[in-house]
Each structure stands twice: as structure tokens, then as C-alpha cells.
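First up is the structure itself, then whatever we jot down about it.
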Amino acid sequence: MADSRYWLMKSEPAEASIDDLAAAPAQTLPWTGVRNYQARNFMRDQMQPGDGVLFYHSSCPEPGVAGLACIAGSVQADTTQWDSKSPYHDPKSPPDAPRWLQIDVRLLCKTRLLSLAEMRTSPALAEMTVLRKGNRLSITPVQTAEWQAILALLGVDAKALDRNAATYGTPKSRIGKTRSGGSV
DNA sequence: GCCAACGTTGGC
DNA sequence: GCCAACGTTGGC
């Protein structure tokens, strides 16, 4: 199966909300604090600059998709793992072989909140990984059709968004290459 | 606050 | 390598 070009990334808004992303320099934040190997491996092995991101608010009164973003850089060592003051401090992570990774995420647009409850009512989203019972992964792949269905629910123009994503963070080597699922 | 689901740890 | 105990996630 081809790697996903779309992702859902969970963030607790009390820690990093869509508004925090909008207020950040270049509307970009390093995605730190991932401490799950499966989620880390998605970053390490599959994520590429320009990939679409559903910015999801979790562990809050209104969980759901709060905005759209894109991967805006390449993966690197998560700086919080060696920070003894960080809640994500991992003293067992060897400095010469970092256990945990981070990647830059840039805002594309804030949207209305597409609530988890509304997502569950959409037949097009019935198979979404994040909706599966017991799912706890903070990063999950999103199918192209699911991405498109969510943009439709949010009333976001996919073509305009794609141009925006291509403007930022897409290395020259990828420009002109066919992305999985083609142009949306 | 409850609890289901799942990942990690550590004894053996 | 098994697996019970424990910790965490995250919706409700």
C-alpha cells in the first residue's frame, strides 16, 4: 500500500491549540512529545513536506478537527526528550541515537470545529482510523477520500488548499511529481 | 470520575 | 518469549 499523504494529528488544545499554531512564528510549530513508537515511525518513515494534516483537538470539551495544516519540514530529533524540565523528558534516550522525533507543522487554515460526533455521523468517514473504538494513536494516516470528505464538510476549496500546501515546505524534488491520489 | 482499550515493563 | 501488572489515552 502506498504511503499516506494525509494525516490526522491529535493535540490537546490546553497544550497546543489551533490558535497557538496560528499565532506561532510562520504559523509553524515543531510537533514534539510523541512517545509512541508507531506514531514515531509514521514521522520517520512516511511523512513528507507538503503532506496534509488534520489538526485535531483531543482531551477537551469539544474534540474534533479544528483546522488544516501541512508538514513543513523534515524529521529531526525531538528536543524535549533531553530536557529534564519537560514532561516529555526521556533520560534513557541516547544522545547519539535519539529515540524520539519531531517534525514541523504549518497552518493552512483554521476551520470551524468538525466535532467527533459529527464525524461519526458521516458515512464517508466510517472507516477512519481515529474513529475506531479504542484508538489512542496520536498520529494516524488519513485516506485521500476521507481527506476530501472532510474538506467538503468544512466547505474548504481543495484546489486552493493544495496550492497553498505546495507553496510551503514542498522541496523542489517533489514539485511536478504525482502525489498519491493525484491532484485533489 | 469512570472505564475500555492498548502499550510498556519486568519477573520468570 | 510469555504474560500479569501497571500506566496512559481520551471519550463520555
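Residue numbers begin at 1 in each chain, while the letters A, B, ... track the order of the sequences.
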Closest listed nucleotide, where the reference is the side chain of [X] and the choices are [options]:
X      : options               : value
A/S59  : B/dA4, C/dG10, C/dC12 : C/dG10
A/R120 : C/dC12, B/dG7, B/dA4  : C/dC12
A/Q38  : B/dA5, C/dC12, B/dG7  : B/dG7
A/N36  : B/dG7, C/dG10, C/dC12 : B/dG7
A/Y37  : B/dT8, C/dG10, B/dA5  : B/dT8

[X] [atom1] - [N] [atom2] separation (whole Å):
X      : N      : atom1 : atom2 : result
A/L137 : C/dG10 : CG    : P     : 9 Å
A/K10  : B/dC6  : NZ    : P     : 12 Å
A/R35  : B/dC6  : CZ    : C1'   : 19 Å
A/I139 : C/dG10 : CD1   : P     : 11 Å
A/K133 : B/dC6  : NZ    : P     : 9 Å
A/R136 : C/dG7  : CZ    : C1'   : 9 Å
A/M119 : C/dG10 : CE    : P     : 14 Å
A/E12  : C/dT9  : CD    : C1'   : 9 Å

Original post:
A/Y56 side chain N/O closer than 4.0 Å to the phosphate oxygens (OP1, OP2) of C/dT9?
Top reply: no
Subject >> A/N135 side-chain N/O to A/L131 backbone N/O, donor-acceptor pair under 3.5 Å >> reply: no
**OP:** Please step through ring pair (Phe, Tyr, Trp, His ring centres under 6.0 Å) for the pair A/W100 and A/Y37, ending with a clear verdict.
**Re:** CA-CA 8 Å; A/W100 305 114; A/Y37 289 104; 4.7 Å; yes
**OP:** Could you go through the side chain to side chain donor-acceptor pair (under 3.5 Å) check for A/D83 and A/T80 one step at a time?
**Re:** CA-CA 5 Å; A/D83 178 359; A/T80 64; over 6 Å; no
Subject >> More than 12 heavy atoms from other groups under 6.0 Å of CD on A/E118 >> reply: yes
**OP:** Any chance you could lay out the salt bridge (Lys or Arg N to Asp or Glu O under 4.0 Å) test for A/K110 and A/D19, step after step, and finish with the verdict?
**Re:** CA-CA 8 Å; A/K110 184 179 175 179; A/D19 290 328; 2.7 Å; yes
